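Atoms within a ligand are numbered from 1 in the order they appear, just like the ligands themselves. Nothing here was measured: the structure is a model prediction, and the numbers come from that model. Just so you know, these numbers use all the heavy atoms, side chains as well, and skip hydrogens, waters and symmetry mates.
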Amino acid sequence: MNRETLIARLKDIVGEDNVLFSEMDLTLYGYDASMERGRPDAVVLPGSTEEVAQIMALAHEDRIPIVGRGSGTNLSGGTIPTRGGIVVHFSRMNRILEIDIPNRTVTVEPGVITLDLQNRLLKEGFLYVPDPASQKVSTLGGNLGENSGGPHCLKYGVTTNHVIGAELVLYDGSVVWTGGKSQDNPGYDLTGLLVGSEGTLGLVTKMILKIIRAPEKVKTMLAIFDAIEDASNTVSAIIAEGILPATLEMMDNVVMQAVEASVQAGYPLDAAAVLIIELDGMEDGLERQGEKILEICKRHNVRDVQLAKDDAERAKLWAGRKGAFGAITRLRPSYMVGDGTVPRTKLPEVLSKVLETGKKYDLLIGNVFHAGDGNLHPLILFDERDEEERKKARKAAVEILKICADAGGTISGEHGIGLEKKKEMFYIFSESDLESMRQVKRAFDPEDILNPGKVIPA
Ligand SMILES: Cc1cc2nc3c(=O)[nH]c(=O)nc-3n(C[C@H](O)[C@H](O)[C@H](O)COP(=O)(O)OP(=O)(O)OC[C@H]3O[C@@H](n4cnc5c(N)ncnc54)[C@H](O)[C@@H]3O)c2cc1C
């Protein structure tokens, strides 16, 4: 099918205004938050499951690649249309369809912005927990695609622990449901398989999500350390004592400098690292847990532990943490963010190897990450316009993933594999592991049209 026919057929399905194909549109939809670039043949904005099903049937008819897209904030090249084809942008499918408090679920379309759902639920005294730092702009469909995490996922689990059902358009345009509101479903856990599949198995058009009651009380602390090892050791010690805070986030001096220049969150500019430790739950137990954490911090040479006195102070601490990726570009024009995960007791050793890697390539690396999960986010700073630096940054990023894999960890905690980390899949999976994934992919997508070339190396 030539491009003109494709565009005309798409217009028939979704209407004139909902197909984009200008030079500028095709260039823009060739980007996401990764370093990769591509170009689709057309972009389509469906308004319903029926329209998605018709678009998929059209793609199936002519084996046209099809790439689902939320807000394009993924950090691994997951929405890059490497083989042209159709980008399906879910921005119009952004309705919260049902808030079912008695069953503690919500049903939503995939284009709902994560924070919009969270703000809506707060009015009812409820939470949808997974809170990626990009929550102001990321979509719930994108969160499902990447199995996103966030600070509060330490205690409550990442996206896969909160999606209990999905409506899915398959490669040939047929529509199926996986999971549902009932607690335990027999048969294969297809919902589990979908979460984190990066749009390679089908397009999700509705999602059923678990919600929880908002905690009675929250206590947020900033623990300030003069040595990064002390901060890392505190993380393992807190968990070893049997305390499970809602968050255990770490930020090093490089990142604090950038954040303070940008947000003025009140971080100490002369410290080596800080931990943002948040406890939540019933008021009674929190005081005791807070005291225990203070004692553990002291055992690990903490300089000071400051308590957020009110909601405004708490919001400032989180604004700093959530704005960290954006703020870092004050130091250099570009950054590449790692996402390796290691057993948390390995944090001190792995962090020092990360910093050594920076020295080896003469690149500044800042660290801001979900320390409680052992999920590192080294921010490798460079200038994208400098080809040499760009290559060095890429090499450093790959070496850091190897360090994580060698430490018994893995190459992605929450940002997915996409295009950028396909080769590194060999660090953690054997050829037969990968072959079993290819078989799953073939079962869902025999013609390889769904986000082709992503996740699984050839
Ligand atoms: C500043 C910044 C901070 C970030 N912080 C975090 C963080 O704290 N934690 C975290 O986990 N991530 C973080 N991210 C990464 C990113 O925001 C997440 O991966 C997010 O879930 C992507 O959402 P999106 O709507 O942008 O999805 P997109 O990037 O558009 O898509 C992501 C994947 O999902 C697929 N997809 C999208 N919609 C559908 C659908 N309806 N059906 C099937 N597949 C679909 C796409 O094909 C793609 O593979 C951050 C990114 C940035 C830029």
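- Under the 4.0 Å criterion applied to side-chain N and carboxylate O atoms, Glu384 and Arg37 are assigned as salt-bridge partners.
- Here Asp116 does not pair with Arg120 in a salt bridge; the nearest charged N to carboxylate O distance is not below 4.0 Å.
- Here Arg442 does not pair with Glu447 in a salt bridge; the nearest charged N to carboxylate O distance is not below 4.0 Å.
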List, for ligand 1, each N/O atom that has a protein N/O partner under 3.5 Å away, with both atom names and the distance.
| from | atom 1 | to | atom 2 | distance (Å) |
| --- | --- | --- | --- | --- |
| ligand 1 | 8 (O) | Ala133 | N | 2.8 |
| ligand 1 | 9 (N) | Gly149 | O | 3.0 |
| ligand 1 | 9 (N) | Glu414 | OE2 | 3.0 |
| ligand 1 | 11 (O) | Gly149 | N | 3.0 |
| ligand 1 | 11 (O) | Gly149 | O | 3.4 |
| ligand 1 | 17 (O) | Thr73 | OG1 | 2.6 |
| ligand 1 | 17 (O) | Ser134 | OG | 2.6 |
| ligand 1 | 21 (O) | Gly142 | O | 3.4 |
| ligand 1 | 21 (O) | Asn143 | N | 3.3 |
| ligand 1 | 21 (O) | Asn143 | ND2 | 2.8 |
| ligand 1 | 21 (O) | Ser148 | OG | 2.7 |
| ligand 1 | 25 (O) | Ser71 | N | 2.9 |
| ligand 1 | 25 (O) | Thr139 | N | 2.8 |
| ligand 1 | 25 (O) | Thr139 | OG1 | 2.7 |
| ligand 1 | 26 (O) | Ser71 | N | 3.4 |
| ligand 1 | 26 (O) | Gly72 | N | 3.1 |
| ligand 1 | 26 (O) | Thr73 | N | 2.7 |
| ligand 1 | 26 (O) | Thr73 | OG1 | 2.7 |
| ligand 1 | 29 (O) | Thr73 | N | 3.2 |
| ligand 1 | 29 (O) | Asn74 | N | 2.9 |
| ligand 1 | 29 (O) | Asn74 | ND2 | 2.8 |
| ligand 1 | 30 (O) | Gly70 | N | 2.7 |
| ligand 1 | 30 (O) | Ser71 | N | 3.3 |
| ligand 1 | 30 (O) | Gly72 | N | 2.8 |
| ligand 1 | 41 (N) | Val204 | O | 3.0 |
| ligand 1 | 42 (N) | Val204 | N | 2.9 |
| ligand 1 | 47 (O) | Gly68 | O | 2.7 |
| ligand 1 | 49 (O) | Gly78 | O | 3.4 |
| ligand 1 | 49 (O) | Glu198 | O | 3.2 |

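- Here the side chain of Glu420 pairs no donor or acceptor atom with the backbone of Ser34 at under 3.5 angstrom.
- Salt-bridge annotation for Lys392 and Glu399: absent, with no side-chain N of the basic residue lying under 4.0 Å from a carboxylate O of the acidic one.
- In this structure, Lys391 does not pair ionically with Asp386, as no charged nitrogen and carboxylate oxygen lie closer than 4.0 Å.
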